[in-house]
Amino acid sequence: MEYNFKDIEANWQKFWADNKTFAAKDDSAKEKYYVLDMFPYPSGAGLHVGHPLGYIASDIVARFKRHKGFNVLHPMGYDSFGLPAEQYAIQTGQHPKITTENNIAVYRKQLDKIGFSFDWDREVRTSNPDYYKWTQWIFIQLFNSWYNKNTNKAEPISNLISAFEAHGNANIQAHCDDDVKSFTAEQWKAFTEKEQSDVVMAYRMAYLGEAYVNWCPQLGTVLANDEIKDGLSERGGYPVERKLMKQWSMRITAYAQRLLDGLDTLDWTDSLKEAQRNWIGKSEGTSLKFKIVRHPELVSGSQEMLKQVQHDIEVFTTRPDTIFGVSFVTLAPEHELVNRLTTPENKLAVDAYVTQAKNRSERERQADINKITGVPTGSFVEHPFSGKQIPIWIGDYVLAGYGTGAVMAVPAHDSRDYSFAKQFGLPILEVVAGGDLEKESYDAKEGTLINSDFLNGLDVKAAMKKAISQIEANGLGKGKVNFRLRDAVFGRQRYWGEPIPIYYKNDIPYALSDSELPLVLPEVDKYLPTEDGEPPLARAKDWKYQNEFDYEHSTMPGWAGSSWYFLRYMDPHNGLAFADKKLADYWKQVDLYIGGSEHATGHLLYVRFWTKILNDLGHIAINEPAKKLINQGMIQGRSNFVYRLSPAMFVWGQNDENEKVNLPVIFLSKNINDKLKKKELTQFELDNIKEKAITNFKTLNPNFEFLNFEENIYTSAIHVDVNIVSNDILDEEAFISSREEYKNAVFIKEDDDNYICGHEVEKMSKSKYNVVTPDDIAEKFGSDTLRLYEMFLGPLEQSKPWNTNGITGVHGFLKKLWRLFYQNDAFTITHDEPTKAELKTLHKTIKKITEDIERFSFNTSVSNFMICVNELTDLKCNKKEILEPLLICLSPYAPHITEELWKQLGHTESIAFAQFPLVNEAFLIDDSINYPVSVNGKLKFTLELPATLTKEEVEVEVMKNEQTIKLLAGQQPKKVIVVHKKIVNMVV
RNA sequence: GCCCUGGUGGUGGAAUUGGUAGACACGCAGGACUUAAAAUCCUGUGUCUUCACGGACGUACGGGUUCAAGUCCCGUCUGGGGUACCA
């Protein structure tokens, strides 16, 4: 019987589904193990070979843990709210729900083919009302809580309101908005309902606040920082600008320190923890007040005004030691004091600068990152120690949103201040010795303080201490910690997301009650914003709370549903709670979480944040969502390109400049294009291209001319579908018929008459036409081969380009395994006693595989299986006692073939729960050891010696060996090092 | 710029704690079986040198520590990913 993977795989997939083999038990005496994959967004392109990489790895662990006697939870679901379905809806009018469901059906079919051991009864979809009911419920929990700094956790908002009623807010220590004014209990009681609501809002964990957001006019939505690339929206590539908007936000900043501390308890990679640390961006320093002093030319009226409002500019610095190096103070253009500090003669320039800075889009800011701009206000502050007058400038290198929006500029020891000072000719005062200030600033935090009064002679560390104590003693400021982390905007002006469960009555937002959930996403006639810029939900007809009050019209962001889905899998059908407390306590946290590193700072920060809040509020017992996390590497695709002659070099027909005609379609083969780029084309070749171009274009427009053909000739690379290219040779016919505009395409080909495409390795994506689906491989070689091959490709965490070069080796291995059981169509397993050699091979393999899985080194286990089967083939082993345990070892990797052979061995139960074999070290002991003998560390020969010899006996044996004597040629070695059971080295 | 990762044959990669560098697989070359192909099997395959035995070199580059370095330390170059006027 041949290895017929097609039937075997189909049969077993059906068996697992029919028998619900992998359903996790909620009541089990077994220890639990929770293996989670980052669930996919079901895109229209379907699953590509990169998706299963992580899924296969987690499936191996899940199956392994089942063999090891764990009750395994290994679920899968879909992150099914998202922009692409909505974009598609806008273009076609098809409801995103339909698109999403279709895509999910495709994903499911593809996933099923690979033989994953998911518990499909627990599938979740974030766009399902049964699911998002609880996303909304969690939102309300956040809406109804505040962060108490005294207890250092989130607490119900009712506590806070009681406190207000009893004592006002004087004793409240909370993470809240900065501009909260203090009030007494009496004042609180006298507030109107609206006023009370506004006050409480400043404390809520989910709150409505004014925030600068990344606004994308074309998409009509707010984007998260991680949705923007180079100042353009990641999806669509539209410009993004900064805009002040009322937005629902999450007070994640309250958790900054705990999110940072929690990292130490996690078994995550250093790079990932580092990425989170950088994102949170803790910096310790000092706040410091600079007294504003009158500029001689400042009119007295202005000075009076100044007195009324504020006397100081507060800055934040991490370098209080450099205080004597301050040569100017810079404010962000948005700083509230800008207007008041500007002297009349500077007003024009300042106003112009502020307006320009405000209107500058993110893209321009990024593009001009090295362009230094700024204006002086004309006012001065006083140095807190020297009393010297210091000018106040405005510069957009200072960010309004960080620190106090003002910096003390120390150009000698900060590179940004340095460039600014150089640009505007401001003084550079050296206060830490050691740098060359002619060339650049000296930013290092080491050296001796100079020109610094009471700090002179101290090193930076000591100076820092002393400066802080002096600043604090003089009441100028105090030690302070700043975080880069910003509160997370939680609303989008979009349709395809969870409605925010809020309605407005007299302009006051109220949360729905639990019994009113879910607030179902209403139907709309179009998926676009309304004419007056309201989000699409404003289009919904008769969609009002109690037929009277407006609901919130924005929806939740993409990360809402994914921030808690790991909890829903524990109890996916519960209608009374997001998860039953008992079940949540049983499954606790994810033991192993596998997914892509692109979620390092987004999803993984939010899911930790929500876990901590739910823990604070007493809903779950865990503090962190996932104990161990692995980032699988990206599988890159190999894209192909054609090189199209640019139309810019043609001029249109004389009759009408704007005449729309089809563009010429002339494609240069790769080598010709390379020559063109290097300007190595011969006149003959150029003429040939020109002639073909003329012929091609004349069919479209008889009246055209070239515009300086030879100077202007250039090409642009265009992605071409890899499926119509083989070995970089283009299938020209397929290409011509692939698009209407290519029907007259002309190819300038290589000497061998082929059109050669360019290629590049890059991210696999639909838009690059380089997606390879796992389907073809599964069809041609079977999914066991696919599973083994994806693991064999290299370390899980490493990115690698997809290629199928080695797949025959892996497939051959499975065939070879099959032949251990079947020879000449006969099943030939015997019950004979195994030999010592066979047992050694088996137990060596068991040991290696167990170790490999535990350290997630799946590529090496595949090699180890190959070695094992090679050895057993050489030994002609067909013994049940050897092959049966081997099947169990292999079953996590290649579940179908092992199930089948397991059944052939006479088992009636699935192999999935068979106990994983244990290593018997006794079989691994060698009788003899092959000692490498080296001289000065260089290997000379090897010597086989009995394993029973002691270290001393080994030395004696080696020294009296003929080869040693020959090597030493009468010399006496200075030293002989014997590492017992390892190596012998002689030093001469 | 900063942070994180890598750099090993023609290729993917192995070497878990400093102890025989290149496991396993692909590719390539030669051979067996076959009318032929596929499939399968066998042999060889880091580089240089030698008829051969053997020898020399070799883990991006330059140094160092060590009896012994792909592995540890210092410096340089370079691929990939993340991130940024964060004071």
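Sequence lines set the chain letters: A, B, ... in the order given, protein chains first and strands last, and positions in each chain run from 1. Source: prediction; values computed, not measured.
Pairing for B/U35 is absent, judged as Watson-Crick or G-U wobble with the two contacts each under 3.5 Å. Of the nucleotides present, none pairs with B/G70 by Watson-Crick or G-U wobble criteria with both distances under 3.5 Å. The partner of B/C28 is B/G44, judged by Watson-Crick or G-U wobble contacts that both fall below 3.5 Å. Across all strands shown, B/G7 is found opposite B/C77 as a Watson-Crick or G-U wobble partner, with both distances under 3.5 Å. If you check B/C2 for Watson-Crick or wobble pairing at under 3.5 angstrom, you find it paired to B/G82. With a cut-off of 3.5 Å on both Watson-Crick or G-U wobble distances, the partner of B/A14 is given as none.
Residue A/S283 has a polar side-chain atom (N or O) positioned under 4.0 Å from OP1 or OP2 of B/A87. OP1 and OP2 of B/A39 both lie 4.0 Å or more from every side-chain N or O belonging to A/K815. For A/Q798, a side-chain nitrogen or oxygen approaches OP1 or OP2 of B/G13 to under 4.0 Å. Checking the phosphate oxygens (OP1, OP2) of B/C4, no side-chain nitrogen or oxygen of A/R277 falls inside 4.0 Å. OP1 or OP2 of B/A25 lies within a sub-4.0 Å distance of a side-chain N or O belonging to A/N870. Phosphate contact (OP1/OP2 of B/A87, side-chain N/O of A/Y402, threshold under 4.0 Å): present. For A/R484 and B/U83, the shortest distance from a side-chain N or O to OP1 or OP2 is not below 4.0 Å. Between B/C57 and A/K938, a contact under 4.0 Å exists linking OP1 or OP2 to a side-chain N or O.
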Item to complete: Determine, step by step, whether A/R277 and A/E274 satisfy the salt bridge (charged side-chain N to carboxylate O under 4.0 Å, His left out) criterion, reporting the C-alpha distance in whole Å, the side-chain angles of both residues, the deciding distance to 0.1 Å, and the verdict.
Response: CA-CA 5 Å; A/R277 284 194 191 103; A/E274 221 26 58; 3.0 Å; yes

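Rounded to whole Å, the separation between the P atoms of B/G30 and B/G19 comes to 40 Å. For the C1' atom pair drawn from B/G22 and B/G27, the interatomic distance equals 16 Å after rounding to whole Å. Taking atom C1' in both B/U76 and B/A21, the straight-line distance is 25 Å, to the nearest Å. Comparing the P positions of B/G70 and B/C61 gives an interatomic distance of 12 Å, to the nearest angstrom.
Base contact: A/I977 has a heavy atom under 4.0 Å from a base atom. Note on A/V987: only backbone sugar-phosphate atoms sit closer than 4.0 angstrom, heavy atoms only; bases stay farther off. Residue A/N859 is classed as a sugar-phosphate contact, given heavy-atom separations below 4.0 Å to backbone atoms only. Across all strands shown, A/T317 has heavy atoms under 4.0 Å from sugar-phosphate atoms exclusively, and none from any base.
Defined by atom type and a distance below 3.5 Å, a donor-acceptor pair is missing between the side-chain atoms of A/N482 and A/S283. Side chains of A/K816 and A/N870: a donor-acceptor N/O pair is present below 3.5 angstrom, by distance only.
A donor-acceptor contact under 3.5 Å links the side chain of A/N985 to the base of B/C67.
Applying the salt bridge (charged side-chain N to carboxylate O under 4.0 Å, His left out) test to A/K480 and every residue at least two apart in sequence or in another chain returns nothing.
Proximity of residues 841-851 of chain A to RNA chain B (heavy atom under 4.0 angstrom from any strand atom) is restricted to A/E851.
Between A/F290 and A/H383, the ring planes are perpendicular. Angles over 60° get that label, and only those under 30° would be called parallel. Aromatic ring orientation, A/W818 versus A/Y822: parallel (interplanar angle below 30°, classes split at 30° and 60°).
Without hydrogens or angle criteria, A/N864 side chain to A/T845 main chain gives no donor-acceptor distance under 3.5 Å.
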